Participant: 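Dropping the structure in here first, questions after.
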Amino acid sequence: GGLKFTVVEAATGAIGGKFSHEFMVVKEGDENFIGEETLVICSKCGYSANIEKAECKYPDEQTNNKEIEKKLEEVYTPQMRTVEEVSSFLKQPKEKFIKTLVYVTENKEEVYVVLVRGDYEINETKLKDVLNVNEIQLASSELVEQIFGVPVGFLGPVGLKTTSQKYKLKFVADYSISTIKNAISGANKIDYLLININYIRDFVVDIIADIRNITANDICPRCKAKNSLKFSKGIEVGHTFKLGTKYSKSMNATFLDENNKEQVFIMGCYGIGISRIVAAAIEQNHDEDGIIWYPTIAPFTVYILPIDYKDPEIKNVADNVYKLLKQNNIEVLLDDREERAGVKFKDADLIGIPIRLTISKKLLPDKLELYLRQTKQKSVVYINELLNRINESIVYLLKF
Ligand SMILES: [Zn+2]
């Protein structure tokens, strides 16, 4: 029971090391679940990863494209800026296009021309990893024009030149561009495209690597199954890192082993998002009336709701029940406000304490109503059996 989470392979980011796992709160079957991370899960083998990390593999048929390489040609495409527009104009699928993007480092000294197939998205985490830089950003359209003298929509990998020697260019391509035959991309000239572009014959790159996001059309990186990948949103609440000897080596942190030989420590570390867990738990466990706290993380276990706290008999029982629970180490909240009963019921549902005790004239002097927020079950209990009923209820709620 409790917070439902899944453990996924993750990118290590600035901390480094090769292996890390994120603990993600997810909600199966809820497509509207809010999460800042996108996870990919294989329904065949159970592989799961953050898309920042999920590796893109190629099925063999994709690398066996037998199309004959045609002659490079310029095509006039007035007023067309997007892949979509040109794709419908030339009646060619997006898979035929090479998208040309420009990234710069924070100090704008390094300029990276990044190439990916038209239907794919660049994965900036992978890109940073490949380039071995911590920060990178898409160049603004002004900067692109300044560097190349051409708007970004007309850039292409063939014959791309800078306006000044001061810009140091590096060409970085995703593997996906290497298998396109007779590709289409910008001609580095306003309103013109180049068609029949072929990698190696017409251009080369400095780095070719996996730098794109995995898609539903990809094969599973682990079991290579087709059509098995599903995507879902997740909220990251924890992250473990296997650091290995990355830090111990550089800081010379060693110990003597049983043979009196110096060895470097093998390290790991983790982080838990305490306050995120609260938000994620609410996102995962709520209904139209409010929060449904799981007993182990609820701020209180019991909510006492006296229908009318000004009534001496009700007040007396409410205060005594409050004391009794306190004495028995049960975390309890007493609603002693002078509000209408309806307001208190609404608020009790909204803040979602697992067990609500309603004290009303009609059940006094010896009984009250016990209500479970999770299941909406109500029962009438004798006050002298209350502690047992509460403990049974907690055990029952822990099964959810
Ligand atoms: Zn798989």
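Note that the coordinates shown come from a computational prediction; the quantities given were computed from them, not determined experimentally. One-based numbering, in listed order, for ligands and for the atoms of each.
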Participant: Would you mind listing every ring pair (Phe, Tyr, Trp, His ring centres under 6.0 Å) that reaches into residues 156-176, with sequence neighbours excluded?
Facilitator: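 Non-adjacent pairs meeting ring pair (Phe, Tyr, Trp, His ring centres under 6.0 Å): zero.
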Participant: A cation-pi test, strictly: NZ or CZ of Arg212 under 6.0 Å from the centre of the six-membered ring of Tyr120 and no more than 45 degrees from its axis. Yes or no?
Facilitator: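 Because its charged atom sits under 6.0 Å from the ring centre and within 45° of the axis, Arg212 does stack over Tyr120.
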Participant: For Arg222 and Glu55, what are the C-alpha separation, side-chain angles and deciding distance, and is it a salt bridge (charged side-chain N to carboxylate O under 4.0 Å, His left out)?
Facilitator: CA-CA 9 Å; Arg222 186 179 293 161; Glu55 199 187 330; over 6 Å; no
Participant: Which Ile, Leu, Val, Met, Phe, Trp or Tyr residues join Tyr192 in one cluster when any pair of side-chain heavy atoms under 4.5 Å counts as a link?
Facilitator: Tyr76
Participant: Between Lys362 and Glu369, does the salt bridge (charged side-chain N to carboxylate O under 4.0 Å, His left out) criterion hold? Intermediate values first, please.
Facilitator: CA-CA 10 Å; Lys362 64 176 183 193; Glu369 183 195 82; 5.8 Å; no
Participant: Taking 2.8 Å as the upper limit, name the protein N, O or S atoms near the Zn ion (ligand 1).
Facilitator: Cys42 SG, Cys45 SG, Cys220 SG, Cys223 SG
Participant: Let me check something: any side-chain donor-acceptor pairs from residues 301-310 under 3.5 Å, sequence neighbours excluded? List them with distances.
Facilitator:
unit_1, atom_1, unit_2, atom_2, d
Tyr303, OH, Asp335, OD2, 2.7
Asp308, OD1, Lys310, N, 3.0
Tyr309, OH, Asp319, OD1, 2.6

